[in-house]
Amino acid sequence: MTSSSVDIAVVGGGAAGIAAARRLRDAGRDVLLLEARDRLGGRAFTHVDPVGGALDLGCGWLHSGDVNPWTEIAGRAGVAVDRSPAPWSRPGMGLAFPECEQASFQQAREDFHERLSELLRRGDAPASEALEPGGRWNALLSAIYTYVSGGELARLSARDLVSYGDTGLNYRVAGGYGALIASHAGDVSVALGTTVSRIDHSADIIRLDTSKGTIEAQKVVIALPSALIAGGGVAFAPDLPQKREAAAGLPLGLADKLYFKLDRPDGFEPDSRAFGRRDRVATAAYHFLPGCRPLVEAYFGGDCADALEREGEGAFADFALEELVGLFGADIRSRLTPLPTHLWRADPFARGSYSFALPGRAGDRAILAEPVDGRLFFAGEACSEHDYSTAHGAYRTGIAAAEAILAGR
């Protein structure tokens, strides 16, 4: 590709970009989906491992599965969906977390949510202000929100946290969520390995400078992570300072995953869980035998994940093994084999996992989503006010951008 023209260019082949491109293609429009990686899916990434099978190294849960559009898409594609209760909806493993203490923690979590709502009566605030001063469970509550939001509570907008919509039902996709999302592109025209560095919208025809030449388009959907928009991953001419400022208010948090192959899985219940520590924020959560597979799925979030990424991939396994030995004894070490992972902060086409709003910046989601001059349209999980940080939130914003284009025919 050296120079070409298309009616609509979609920049970013993640869930939002795929949704937009597929909807436009189904409506008969001339559309080209541009993706910098050599694969589709973006932050939805199913790695097929010869030992562990299909591993979702990016998003892995169909959150709000009963209303999640990807559930219906999976059904139409004949892809099985596992509707078993998620590990966090079950009691934790008694050895690591006695049931009486779990009840105390659950009450503390409910009280935390009540105080979050009370905070909003005075306006927005850091979510950490909803913690009980000196509360026994503050460290574990804070750790959980690093998995949920990718950031520390002191950086999270209480308003944004309360705005998240959740039906409480969480499903998994057989064969991988990332694989389902990538396959949804269908027969859309795709240019992989094509990085867009500049979008010039100064004239009637929009020019996109890419690593494989120039593309001209009438309209463009920008479905990139907020970190790339805020941090200059793509240049606009003329510049869009309001968009960059909004994206800066929606930084990408970090949530990394590591899978272990578990030998002799006896002694563990399928889809059970444990926390590495309950007395510190820098800890991981562990899911055992997910989907009855002989695996341990470890979750790392926020500053803990950031610090481990700086040390390299091996640091995740070292950290997890130390915690698991502390929980289950030295014998567990010989039963665990770490499998390949993906470091999302180090990924130049992501620079993080998913967005959270800084205190006072929840309104930036609507600002980021607003079209520019009826020609530039924005999509992605960061544009979603209630389904942010999810693949279904990304999907819905991609569909919204496509429908806006179709309505302006």
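Side-chain atoms of S64 do not come within 3.5 Å of backbone N or O of V67 as any donor-acceptor pair. Checked by atom type and distance alone, the side chain of N138 pairs as donor or acceptor with a backbone atom of E132 at under 3.5 Å. With Q218 contributing its side chain and I8 its backbone, the two residues share no donor-acceptor pair below 3.5 Å. Listed for the E35 side chain is a donor-acceptor partner under 3.5 Å among the backbone atoms of R37. Side-chain N or O atoms of N68 include one that pairs as donor or acceptor with a backbone N or O of W70 at under 3.5 Å. Between the side chain of K257 and the backbone N or O of H342, no donor-acceptor pair lies under 3.5 Å. In terms of modelled atom types and a separation under 3.5 Å, the side chain of R273 and the main chain of A285 share no donor-acceptor contact. In this structure a side-chain-to-backbone donor-acceptor pair under 3.5 Å is present from E309 to W344. Remark: the backbone N or O of P338 is not paired with any side-chain donor or acceptor of K261 at under 3.5 angstrom. At distances below 3.5 Å, not a single donor-acceptor pair connects side-chain atoms of S384 with backbone N or O atoms of A394.
The side-chain heavy atoms of V296 and L289, taken from C-beta on, include no pair separated by under 4.5 Å. Contact check for L258 versus F319: no side-chain heavy atoms found under the 4.5 Å cut-off. Residues N170 and W88 form a side-chain contact, since some pair of their non-hydrogen atoms from C-beta on lies under 4.5 Å apart. In this structure the side chain of R159 never reaches within 4.5 angstrom of the side chain of L119, judged on heavy atoms. The shortest side-chain heavy-atom distance between D7 and V31 does not fall under the 4.5 Å cut-off. Side chains of E370 and I367 form no contact here, defined as non-hydrogen atoms less than 4.5 Å apart. The shortest side-chain heavy-atom distance between L40 and I18 falls under the 4.5 Å cut-off. Looking at heavy atoms from C-beta onward, I181 lies in side-chain contact with C59 at the 4.5 angstrom threshold.
Side-chain N/O atoms of D124 and S157 include a donor and acceptor closer than 3.5 Å.
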Show me, pair by pair, the donor-acceptor contacts under 3.5 angstrom made by side chains of residues 219-242, not counting sequence neighbours?
unit_1: K219; atom_1: NZ; unit_2: G374; atom_2: O; d: 3.0
unit_1: S226; atom_1: OG; unit_2: L250; atom_2: O; d: 2.6
unit_1: D239; atom_1: OD1; unit_2: R244; atom_2: NE; d: 3.0

Please tabulate, for side-chain N and O atoms in residues 79-87, each donor-acceptor pair with protein atoms closer than 3.5 Å (sequence neighbours left out).
unit_1: D82; atom_1: OD1; unit_2: S84; atom_2: N; d: 2.9
unit_1: D82; atom_1: OD1; unit_2: S84; atom_2: OG; d: 2.6

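Considering L376, I215, T210, D209 as possible partners of I199, the one that fulfils the side-chain contact (heavy atoms from CB on, under 4.5 Å) test is L376.
The minimum heavy-atom distance between G52 and L339, with the atom names listed, is CA-CD1, 3.8 Å. The shortest non-hydrogen separation linking P251 to L358 is CD-CG, 3.8 Å. Pairing each heavy atom of L295 with each of P290, the nearest pair is O-CD, 3.3 Å. Closest of all the heavy-atom pairs between P359 and L156 is CG-O, 3.9 Å. Closest of all the heavy-atom pairs between D66 and T167 is OD1-OG1, 2.5 Å. Across A127 and L161, no two heavy atoms sit closer than the pair CB-CD2, 4.0 Å.
Using a cutoff of 4.0 Å between basic side-chain nitrogens and carboxylate oxygens, R345 and D347 are not scored as salt-bridged. A salt bridge is absent between R277 and E323; no separation between the charged side-chain nitrogens and carboxylate oxygens falls under 4.0 Å.
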Check against side-chain contact (heavy atoms from CB on, under 4.5 Å), L262 and I332: CA-CA 9 Å; L262 176 62; I332 193 69; 4.2 Å; yes
Stepwise ring-ring contact (aromatic ring centres under 6.0 Å, His included) check, F275 with Y286: CA-CA 6 Å; F275 298 108; Y286 302 93; 9.0 Å; no
side-chain contact (heavy atoms from CB on, under 4.5 Å) between F260 and L321, intermediate numbers included: CA-CA 10 Å; F260 290 93; L321 287 169; 4.0 Å; yes
Stepwise side-chain contact (heavy atoms from CB on, under 4.5 Å) check, L62 with Y177: CA-CA 8 Å; L62 289 88; Y177 201 175; 3.8 Å; yes
Full working for side-chain contact (heavy atoms from CB on, under 4.5 Å) between L343 and F316: CA-CA 10 Å; L343 306 185; F316 287 88; 3.5 Å; yes
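Ring geometry for F105 against W137 counts as perpendicular: the plane angle is over 60°, on a 0 to 90° scale with 30° as the lower cut. Using a 30° and 60° split on the angle between ring planes, F288 and F328 fall in the perpendicular class, above 60°. Ring pair H287/Y299 is tilted by interplanar angle, where 30° to 60° counts as tilted.
With sequence neighbours left out, D271 forms a side-chain hydrogen bond (donor to acceptor under 3.5 Å, both in side chains) with no residue at all. Not counting sequence neighbours, the partners of E403 by the side-chain hydrogen bond (donor to acceptor under 3.5 Å, both in side chains) test are R23.
For E322, the CD atom counts as loosely surrounded, since its 6.0 Å shell holds 12 or fewer non-hydrogen atoms of other residues, nucleotides or ligands.
In this structure, R172 forms a cation-pi arrangement with W61, its terminal cationic atom sitting closer than 6.0 Å to the ring centre and no more than 45° off the ring axis.
The six-membered or imidazole ring of Y164 lies away from that of H386, with a centre-to-centre distance of 6.0 Å or more.
Within the structure, side chain to side chain donor-acceptor pair (under 3.5 Å) pairs that include any residue of residues 351-368 comprise D160-R365, E245-R361, S355-R365, S355-E381, R361-D364 (at least two apart or interchain). The list of salt bridge (Lys or Arg N to Asp or Glu O under 4.0 Å) pairs with a residue in residues 111-120, not counting sequence neighbours, is empty.
Separation of atoms CG (L131) and OH (Y145) is listed at 9.5 Å; rounding is to 0.5 Å.
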